[in-house]
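Reviewing the structure listed below.
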Amino acid sequence: RICVITLAEAHPLLQHGKTIKNINYQISANCSRLQNKVSGKSKRPCLFIFQMQGAQFLTELAPLCRISSSDGEEYTIYSCIRGRLIEVNENILSNPALLQEKPSTEGYIAVVLPKFEESKSITQGLLTQKEYEEVLLKRCSSAS
């Protein structure tokens, strides 16, 4: 039920051999994803249930962070999922190369917990690996 936000395989930071210069979780003057503090505890043993006190609520279009590359490009990474921000990966701040070297594991950006009643529709809306590859092929063929 949790969603781990990572860079997609086709993201320009993973495709063009760019070097990441900076990752910034400061979204605006009044909003830093680093200030997200989740408290609460599991109501039952072995279950991942939070009371979600203090967790920032995200919409699909909520920015999570901004990533700057050494060539001056800046990329805003969005949540893409409605839910509560459980955590951001502070490890990528001191080791930004994790985003490129291990984007789907240690280089994740954030963890988001959607509302229980919305989690099924979110899951049903996801692409399979094959569907994703077909989208990429269409994108590449239309660009050339």
Side-chain angles (χ1 to χ4, degrees), residues 1-28 30-42 46-144:
R1 214 186 118 210
I2 63 170
C3 298
V4 180
I5 311 298
T6 65
L7 290 178
E9 292 173 23
H11 195 281
L13 283 166
L14 301 181
Q15 295 298 307
H16 303 298
K18 295 185 179 211
T19 302
I20 296 173
K21 186 173 90 176
N22 182 41
I23 300 163
N24 191 351
Y25 283 111
Q26 186 76 38
I27 301 308
S28 68
N30 298 324
C31 180
S32 172
R33 300 301 181 208
L34 292 172
Q35 299 303 313
N36 188 68
K37 300 294 179 213
V38 178
S39 64
K41 59 184 178 180
S42 176
C46 303
L47 288 179
F48 189 67
I49 301 172
F50 285 97
Q51 294 171 345
M52 304 307 296
Q53 297 168 349
Q56 296 174 10
F57 183 78
L58 304 171
T59 65
E60 297 92 328
L61 300 176
L64 289 170
C65 67
R66 292 189 176 80
I67 303 172
S68 302
S69 63
S70 56
D71 64 0
E73 292 288 326
E74 183 176 271
Y75 302 91
T76 300
I77 308 302
Y78 297 94
S79 171
C80 301
I81 303 272
R82 275 175 43 91
R84 298 280 181 179
L85 182 62
I86 299 297
E87 76 174 63
V88 295
N89 185 0
E90 294 185 38
N91 294 329
I92 60 175
L93 296 173
S94 58
N95 188 2
L98 284 173
L99 277 173
Q100 294 165 311
E101 295 167 3
K102 300 179 179 184
S104 59
T105 57
E106 294 172 50
Y108 72 96
I109 294 166
V111 177
V112 177
L113 181 67
K115 288 183 178 180
F116 180 76
E117 56 273 7
E118 293 179 12
S119 59
K120 187 173 183 178
S121 65
I122 290 170
T123 304
Q124 291 172 339
L126 296 175
L127 298 176
T128 64
Q129 183 67 30
K130 184 178 178 181
E131 291 169 333
Y132 174 69
E133 290 167 359
E134 289 170 1
V135 168
L136 293 180
L137 280 174
K138 288 178 187 173
R139 188 182 297 169
C140 289
S141 63
S142 66
S144 43

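Throughout, numbering of the chain's residues begins at 1 and tracks the sequence. Just so it is clear, the model here is predicted, and its values are computed rather than measured.
- Going from atom CD1 of I109 over to atom CD1 of I77 covers 5.0 Å, rounded to the nearest 0.5 Å.
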(request) Go through the steps to decide whether I81 and L58 satisfy the test side-chain contact (heavy atoms from CB on, under 4.5 Å), and finish with yes or no. (result) CA-CA 7 Å; I81 303 272; L58 304 171; over 6 Å; no
(request) Evaluate the criterion side-chain contact (heavy atoms from CB on, under 4.5 Å) for residue pair I67 and I20; output intermediate values, then yes/no. (result) CA-CA 7 Å; I67 303 172; I20 296 173; 3.7 Å; yes
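- With sequence neighbours left out, the side chain to side chain donor-acceptor pair (under 3.5 Å) criterion links S69 to D71.
- Using a 4.5 Å heavy-atom cutoff, the side chains of V112 and I5 are in contact.
- Note that CG of L64 and CG of N24 are 12.5 Å apart. Values are rounded to the nearest 0.5 Å.
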Just distance, no hydrogens or angles: give the donor-acceptor pairs under 3.5 Å from side chains in residues 88-101, sequence neighbours left out.
residue : atom : partner : partner atom : Å
N89     : OD1  : N91     : N            : 3.0
N89     : ND2  : E106    : O            : 2.8
N89     : ND2  : Y108    : O            : 2.8
S94     : OG   : N91     : O            : 3.3
Q100    : NE2  : L13     : O            : 3.1
Q100    : NE2  : K18     : O            : 2.5

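- Distance check: S32 OG to Q26 CD gives 4.5 Å after rounding to the nearest 0.5 Å.
- Between the SG atom in C3 and the CG atom in L113 there is a gap of 8.0 Å [rounded to 0.5 Å].
- Across every non-hydrogen atom of A10 and Y132, the tightest pair is N-OH, 3.2 Å.
- The line from CD of E87 to CG of N36 is 9.5 Å long, rounded to the nearest 0.5 Å.
- With sequence neighbours excluded, the residues that form a side chain to side chain donor-acceptor pair (under 3.5 Å) with E133 are Q129.
- The shortest distance between side-chain heavy atoms of I27 and R66 falls below 4.5 Å.
- Applying the side chain to side chain donor-acceptor pair (under 3.5 Å) test to pairs two or more places apart or on separate chains, those with a residue in residues 112-121 are R82-E118.
- In this structure the side chain of Q35 never reaches within 4.5 angstrom of the side chain of Y25, judged on heavy atoms.
- Separating the SG atom in C80 from the CD1 atom in I122 is a distance of 11.0 Å, to the nearest 0.5 Å.
- In summary, the side chains of Q56 and R33 do present a donor paired with an acceptor at a separation below 3.5 Å, with no hydrogens or angles considered.
- Residues passing the side chain to side chain donor-acceptor pair (under 3.5 Å) test with N30: none are found, sequence neighbours excluded.
- Judged as a ring pair (Phe, Tyr, Trp, His ring centres under 6.0 Å), the pairs with a partner in residues 60-93 (not counting sequence neighbours) are, in order, H11-Y75.
- When all heavy atoms of T6 and S104 are compared, the pair lying nearest together is CG2-CA, 4.0 Å.
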